[in-house]
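Chain A is the first sequence line, chain B the second, and so forth, proteins listed ahead of strands; every chain is numbered from 1.
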Number of protein chains: 2
Amino acid sequence: MVPKSTGTTRERLSRDTVVDGAITLADREGLDALTIRRLAQEHGVTPMALYWHFHEKEDLLDAVAERLLNGVRLPEPTDAPWAEQLRAILVAYLDAMRPHPVLAGLALPRVLKSEPGLRLADRVLGLLAAAGFGTEEASQTGSFLLSAMSTLITAEPGPHKALRGEERDAAVRAKRASLGALSPARFPHVIAAADALSDCPDDDVYYARGVELLVRGAQNLRPA
Amino acid sequence: MVPKSTGTTRERLSRDTVVDGAITLADREGLDALTIRRLAQEHGVTPMALYWHFHEKEDLLDAVAERLLNGVRLPEPTDAPWAEQLRAILVAYLDAMRPHPVLAGLALPRVLKSEPGLRLADRVLGLLAAAGFGTEEASQTGSFLLSAMSTLITAEPGPHKALRGEERDAAVRAKRASLGALSPARFPHVIAAADALSDCPDDDVYYARGVELLVRGAQNLRPA
DNA sequence: ACCTGAACACCGTTCAAGT
DNA sequence: ACCTGAACACCGTTCAAGT
């Protein structure tokens, strides 16, 4: 009666475990590796098994996005100035996405399609409204600010931080070499910045500056 | 001796014509439709024919990116304040990419891999250096500012402007309906902004505001 | 130089079937 | 309820061959 335990870790599948697998797979091998067939294989199961839990791949991706958005630790509303609260929210979003650089772009367009994403969006819109932005201005600015968080991750100079060890070092060296080989007469500033464009020495200051730029920009859009 | 003209428009293939085809195909049917096989078919040719002109798909995409980046009309350097010149460059980038919303994300990561992209990057880095940014700060800020231009396009509320007519209207209505159906108690600000989040009435002011936010943000990063 | 044809290893997905 | 197996219409790409 007891299902034969073959010694392998083959458990019963569930949406949650599949989503787990999808995230670790993408983090480890990149977005291209995140296919139904690879994922099924990772779970020791037929590709078609996944279709019982998700009726198409898009559903899986929605679920992945929701999981990531659920990781955003929204700060409680306070009496602090709106710009300060906005910064805290942006940082919370950033912190949730930073461990998953290849998936950040996936979560973003699904913000308005998921429960935790909507909570996030509502908070941002509320803050901007309180700051005096009109509905339309707030919508556009809010969309942009959240998107810019993903951008910050994707635009970080150098290869993704998910890449580790020798593989990452090699990528950095390759990039630096290709930039260094350019004509100094034609691209002097690029050459001077070759190192800084090939790798980012301190993520934390990089992200802090990015957030700062956006918050101050938003502040200056509304002439206090 | 003269090649028989079959009456069809079947010309000899070239990198340029293939790139042309790729851009119009992507603009018309989206990024997913941009496959080697579809593209070959569009040119009345075997898929393998393209491999004579590009040794893999990545090469094709590089060429597409280069073409788009070549469309950036870089303004001549002037005596104007750096922030003003920066804004002009960002606007030039934006103007080149706006007609190709689905391809904007493709051009961006190839800026440092193409001649026109490098010219652009060098100008941005030069301006930021002149403004007093250190090399590292300038690299990070410059990368982010250019990326943010693509973001602005991608994050524009509503479906892509490349979509036209009834198809677009239907998408807008669907989005508005789904947002409008939410609980007003839980997501009051999202509901209030349902219209503004479903479609963007005036692109020009939207983009102008986005650029303004970024330029002022960059300005305020350096306390003049 | 420029293109075709057959083949390979992959995709997502449907549909009928097993337990 | 949960999963398998065979099949279909797609991918990118290699390799040998035609003109």
Side-chain angles (χ1 to χ4, degrees), chain A residues 1-26 28-65 102-103 105-106 109-110, chain B residues 1-26 28-65 102-103 105-106 109-110:
Chain A
M1 293 303 263
V2 175
K4 60 170 181 203
S5 81
T6 52
T8 75
T9 37
R10 176 61 200 293
E11 301 288 333
R12 222 228 303 27
L13 235 47
S14 78
R15 282 179 66 98
D16 278 349
T17 62
V18 173
V19 168
D20 279 347
I23 292 178
T24 56
L25 177 58
R28 186 167 19 100
E29 305 191 28
L31 209 56
D32 288 347
L34 181 47
T35 75
I36 295 285
R37 293 175 114 105
R38 279 286 269 108
L39 195 53
Q41 176 181 321
E42 214 78 13
H43 286 284
V45 107
T46 275
M48 285 45 82
L50 300 192
Y51 282 88
W52 200 91
H53 301 274
F54 305 90
H55 101 274
E56 55 181 355
K57 190 182 182 183
E58 186 66 15
D59 274 20
L60 206 215
L61 300 184
D62 287 350
V64 168
V102 302
L103 293 174
L106 214 152
R110 290 170 175 87
Chain B
M1 293 301 263
V2 175
K4 61 169 180 202
S5 80
T6 51
T8 75
T9 39
R10 175 60 200 291
E11 303 286 334
R12 232 247 270 44
L13 236 47
S14 77
R15 282 179 67 96
D16 278 349
T17 61
V18 173
V19 169
D20 280 346
I23 293 177
T24 57
L25 178 58
R28 187 167 17 100
E29 306 191 28
L31 210 56
D32 288 346
L34 181 48
T35 74
I36 295 285
R37 294 175 114 104
R38 278 286 270 110
L39 195 52
Q41 175 182 321
E42 214 79 12
H43 286 285
V45 106
T46 275
M48 286 45 84
L50 300 192
Y51 282 89
W52 199 92
H53 301 274
F54 306 90
H55 101 272
E56 55 181 356
K57 191 182 181 183
E58 185 66 15
D59 273 20
L60 207 215
L61 300 183
D62 286 350
V64 167
V102 302
L103 293 174
L106 214 150
R110 290 171 176 85

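- Looking at the side chain of A/Glu56, the nearest of the listed nucleotides D/dC2, C/dT13, C/dC3 is C/dT13.
- With distances taken from any side-chain atom of B/Trp52 to the nucleotides C/dC3, D/dC3, C/dT13, the minimum falls on C/dC3.
- At least one donor-acceptor pair closer than 3.5 Å links the side chain of A/Arg15 to the backbone N or O of A/His53.
- Between A/Leu31 atom CG and C/dG12 atom C1' there is a gap of 15 Å when expressed in whole angstrom units.
- For B/Tyr51 and C/dA7, the OH to C1' distance is 14 Å, given to the nearest whole Å.
- Between B/Gln41 atom CD and D/dC11 atom C1' there is a gap of 13 Å when expressed in whole angstrom units.
- Listed candidates were C/dG12, C/dA1, D/dC11. Nearest to the side chain of A/Arg37 is C/dG12.
- Protein atom NZ of A/Lys57 is 14 Å distant from nucleotide atom P of C/dT14, rounded to whole Å.
- When the nearest nucleotides of DNA chain C are assigned to B/Met48 and A/His55 by heavy-atom distance, the more 5′-ward of the two goes with B/Met48.
- Atom CG in A/Leu50 sits roughly 14 Å away from atom P in D/dC2 (whole-Å rounding).
- Here B/Arg28 contributes atom CZ and B/Leu34 contributes atom CG; the two are 11.0 Å apart, rounded to the nearest 0.5 Å.
- Residue-to-nucleotide proximity on DNA chain D shows that, of B/Leu34 and A/Ser14, the 5′-proximal contact is made by A/Ser14.
- Listed candidates were C/dG12, D/dT4, D/dC15. Nearest to the side chain of A/Thr35 is C/dG12.
- Look at CG on A/Leu39: it is 13 Å from P on D/dC3, rounded to the nearest Å.
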Can B/Ile36 and B/Tyr51 be said to form a side chain to side chain contact (heavy atoms under 4.5 Å, CB included), step by step?
CA-CA 9 Å; B/Ile36 295 285; B/Tyr51 282 89; 3.8 Å; yes
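- Using N1 to N3 plus N6-O4 or O6-N4 for Watson-Crick, or N1-O2 and O6-N3 for G-U wobble, each under 3.5 Å, D/dC15 pairs with C/dG5.
- Between C/dG5, C/dG12, C/dC15, one nucleotide has an atom nearer to the side chain of A/Ile36 than all others, and that is C/dG12.
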CA sep, side-chain torsions, deciding dist, call: A/Leu103, A/Val64, side chain to side chain contact (heavy atoms under 4.5 Å, CB included):
CA-CA 9 Å; A/Leu103 293 174; A/Val64 168; 4.3 Å; yes
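- Rounded to whole Å, the distance from CG on B/Asp32 to P on C/dC11 is 16 Å.
- Nucleotide D/dC10: unpaired (no Watson-Crick or G-U wobble partner with both distances less than 3.5 Å).
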Which is it for B/Arg38 and B/Glu42 under the side chain to side chain contact (heavy atoms under 4.5 Å, CB included) test, yes or no, and what are the steps along the way?
CA-CA 6 Å; B/Arg38 278 286 270 110; B/Glu42 214 79 12; 3.0 Å; yes
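- Ranking C/dT4, D/dT4, C/dG12 by closeness to the A/Thr46 side chain, first place goes to D/dT4.
- A close approach under 4.0 Å does not occur between any side-chain nitrogen or oxygen of A/His43 and OP1 or OP2 of D/dC3.
- In this entry the distance linking CG of B/Leu13 with P of C/dC2 reads 10 Å, nearest Å.
- Within the structure, a side-chain polar atom (N or O) of B/Arg12 is placed less than 4.0 Å from OP1 or OP2 of C/dC2.
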